[in-house]
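A quick write-up on the structure given underneath.
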Number of protein chains: 4
Amino acid sequence: MPRIGMQPIRRKALIEATIDEIGARGSLDVTVARIARRAGVSSALAHHYFGNKEQIFLAAMRQTLSEYGAEVRAGLKAARTPRERVEAIVRAGFSEGHFRSAVLAAWLNFYVLARTSRQAERLLVVYHRRIVANLAQALRPLAGTAASDIAETLAAVIDGVYLREGLGQGTPDGAAAARRVLAVLDAELTARGGPGTQDKDRTET
Amino acid sequence: MPRIGMQPIRRKALIEATIDEIGARGSLDVTVARIARRAGVSSALAHHYFGNKEQIFLAAMRQTLSEYGAEVRAGLKAARTPRERVEAIVRAGFSEGHFRSAVLAAWLNFYVLARTSRQAERLLVVYHRRIVANLAQALRPLAGTAASDIAETLAAVIDGVYLREGLGQGTPDGAAAARRVLAVLDAELTARGGPGTQDKDRTET
Amino acid sequence: MPRIGMQPIRRKALIEATIDEIGARGSLDVTVARIARRAGVSSALAHHYFGNKEQIFLAAMRQTLSEYGAEVRAGLKAARTPRERVEAIVRAGFSEGHFRSAVLAAWLNFYVLARTSRQAERLLVVYHRRIVANLAQALRPLAGTAASDIAETLAAVIDGVYLREGLGQGTPDGAAAARRVLAVLDAELTARGGPGTQDKDRTET
Amino acid sequence: MPRIGMQPIRRKALIEATIDEIGARGSLDVTVARIARRAGVSSALAHHYFGNKEQIFLAAMRQTLSEYGAEVRAGLKAARTPRERVEAIVRAGFSEGHFRSAVLAAWLNFYVLARTSRQAERLLVVYHRRIVANLAQALRPLAGTAASDIAETLAAVIDGVYLREGLGQGTPDGAAAARRVLAVLDAELTARGGPGTQDKDRTET
DNA sequence: AATGAATGAGGATTCATTCAT
DNA sequence: GATGAATGAATCCTCATTCAT
């Protein structure tokens, strides 16, 4: 059975299995054996490829983060106006691909992991910075010097909505979630720049 | 050594030890033995009083939630105007007592626990509803029919800020966190009702 | 079943089981589970009392060493002349209690353990020093300033004979082994002090 | 990359790697994978060439023994007098090549291996017999009928000194070790044959 | 009331070994 | 000739939980 060049295939399968298993289990309390079984391999192979459990988790985290990043980039590419750029970033977080119970559980658990693992923490911090930077850049034309501050707030709202919506058992409503975040954006812009600014932005867009 | 009337003392000690241990460990990955040692009792006693580990966690969660609730109520009692009422609720979340790394870790882990334990989920949902209800009630004079919606948003912002601030290693800055949340409040009020409304509210109160 | 005060009993049983198991297996390649089964307890209990496998080994080593030390002391107490004192020390090493295949295997493995474990090495060095010191003290009246040197040699002969005799599968012949060591002693004394000295010693004895 | 005629090269490399690894690790607790890596090949190849782990160990043991034997033979060839012949055999054991920590660890572990593996035991017994035979033959002109007995004793002293010197962490002192063994030889000769014999030998030498 | 004693169950990790290529 | 792929079988260790005292 052993064919050559399996490494990337197995790694990918194990990473997906990890996210799914965390999602299914709802906690980091998943065993390597179950992850491996889900991926259709032995637990020994999982260790062979990743070294230890933490590395498996970190790989899953990197994967989730980079998928999210890709979604953000794809959204940004399609956006034409500053406003659209901000919306793209916000919507990426609540897309069907990511705003699922399993992925949400994974995210939540990565936050927990970050409290224990230095590497996990670093990943999360980097991701945080990147989101804020993306938001700030998109907001600059709309909010000027307030861009950074609004970006920071929006990032927090995204996380908060994500967290709260995810608590429910049912399928989370991504559209509603995104709407709530964008409402905060609108409010901030209106309040800071006055209606004029906002209107101007909208017109521009 | 066994004295009578120890039950409440032991229970309280074990609950505190649980929160501290979750805080210290940074995850739910704490053992009953360690919790018990921290509380100065045997692990057998912990089981004697709580039945099993999940009940210990749930008790710790109830404790954290009710302390938070008490802080909110205390703040509300001292508040005179609607605005002050909202601020009190927001500030309760970022008070020195709760906005600590250990408590934050506990909260985070309660969210995780809620994915596994029906009881934990119920506790969290109840707390969520209560916060939103409190906020909505306080906001009614300020925002009218928009109160509920703004309340929902504010609750999300609180959670998001809490989550993000807590990621850093250093002592979290409660004042800054509260300021950011209140800024959202101001923006929402300004944007929806215009400055006039807000001023009027303040005067009314 | 759990009665109080079992700790020392369990510890002793586990230590004996360890030595026996090393003897039976012929190497350090013994499992905690087998040791525990031999002692009639669960492997979890073995860990509970000793912490980890290395500590179990070290305890077994200490036990073996201290039993040997006790045998030496008992022999010394019964000895009347210097010569008898030396003989007592030598014979202690080849007594029926210690010159058994199992104990021998244990010793051999402790030497191996000493290459990995700092603690084991320390134990072995201390034991080495003590034997040489005992021998040297006993030899002083017989060999004067040469006592230390002869002691060192005798200790080496003891170990060498022990090692070689132990290689065979059959029951090792302790008497023959002791005789060979004492022959070296006689030769050293004769060669250094001349026959006169030796005869005098013998007459004294 | 596979070239023909690699077998002897690979085997030799693996054998050396085995001894080195046992030396480095200080115990038989070495993995085939590490041995193979040290030899620059895959662990599968090690199995391909040796069948299983025990055979790898046995090959390493044979190698060590035969190197030692070669050193003895070389020493014997250069020796002119009986005394020199004995000294050559003794010194071979403490030469720079063999009296190293790594080799010593290997020897020690071969003794352990001999308790488990029939083949290893046979190798060790053969080596033992050969050394004693060599010593006895060399001693015949010096000690006559006592040659065998003295040979047996010397062999034990060699092993004992080897074992004890090897325990220390520092570089073992081969010259001192050899001196101690030869001192026993001198003592035995003096004591048995009287000073005359010994002097005569020494003069001859 | 309180605990020491004890364990079953499980989990991460390791490793010798096999096999298809 | 050589190896990457793969795994079954251990093994150490942890831990929640129970029980007699």
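Residue numbering restarts at 1 for every chain, and letters A, B, ... go by the order of the sequence lines.
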Nearest whole angstrom, please: distance from the [atom2] of [N] to the [atom1] of [X].
{"X": "B/R37", "N": "E/dG4", "atom1": "CZ", "atom2": "P", "value": "12 Å"}
{"X": "A/I4", "N": "F/dA2", "atom1": "CD1", "atom2": "P", "value": "15 Å"}
{"X": "B/R34", "N": "F/dT14", "atom1": "CZ", "atom2": "C1'", "value": "12 Å"}
{"X": "C/M6", "N": "F/dC19", "atom1": "CE", "atom2": "P", "value": "18 Å"}
{"X": "D/I35", "N": "F/dT3", "atom1": "CD1", "atom2": "P", "value": "16 Å"}

In short, A/L124 meets A/A114 closest at the heavy-atom pair CD2-CB, 3.7 Å
By nearest-heavy-atom nucleotide on DNA chain E, the more 5' of C/Q7 and A/T31 is C/Q7
Phosphate OP1/OP2 of E/dA6: any C/R10 side-chain N/O under 4.0 Å
yes
When C/V32 and A/P8 are each assigned the nearest nucleotide of DNA chain F, the 5'-most assignment goes to A/P8
Walking DNA chain F from its 5' end, the first of B/V30 and C/D29 to be reached, judged by nearest nucleotide, is C/D29
As its Watson-Crick or G-U partner within any shown strand, both distances under 3.5 Å, E/dA1 has none
Paired to E/dA16 by Watson-Crick or G-U wobble criteria (both distances under 3.5 Å) is F/dT7
How about C/S101 and D/R115: does a side-chain donor come under 3.5 Å of a side-chain acceptor? yes
Here the gap from D/R10 atom CZ to D/I15 atom CD1, rounded to the nearest 0.5 Å, amounts to 14.0 Å
What residues 40-57 of chain B contributes to the DNA chain F interface at heavy-atom separation below 4.0 Å is B/S43, B/A44, B/H47, B/N52, B/K53
Mind checking whether C/Y68 and C/W107 have parallel, tilted or perpendicular rings, split at 30° and 60°? perpendicular
- Query: Does the side-chain contact (heavy atoms from CB on, under 4.5 Å) test come out yes or no for B/I22 and B/T18, once each step is laid out?
  - Reply: CA-CA 6 Å; B/I22 292 176; B/T18 303; 4.1 Å; yes
So for atom CZ, which belongs to C/R37, do other residues, nucleotides or ligands contribute more than 12 heavy atoms lying within a distance under 6.0 Å?
no
Quick one, B/Q119 with B/R62, criterion side-chain contact (heavy atoms from CB on, under 4.5 Å). Give me CA distance, side-chain angles, the key distance, then yes/no. CA-CA 10 Å; B/Q119 286 182 74; B/R62 273 188 216 101; 3.8 Å; yes
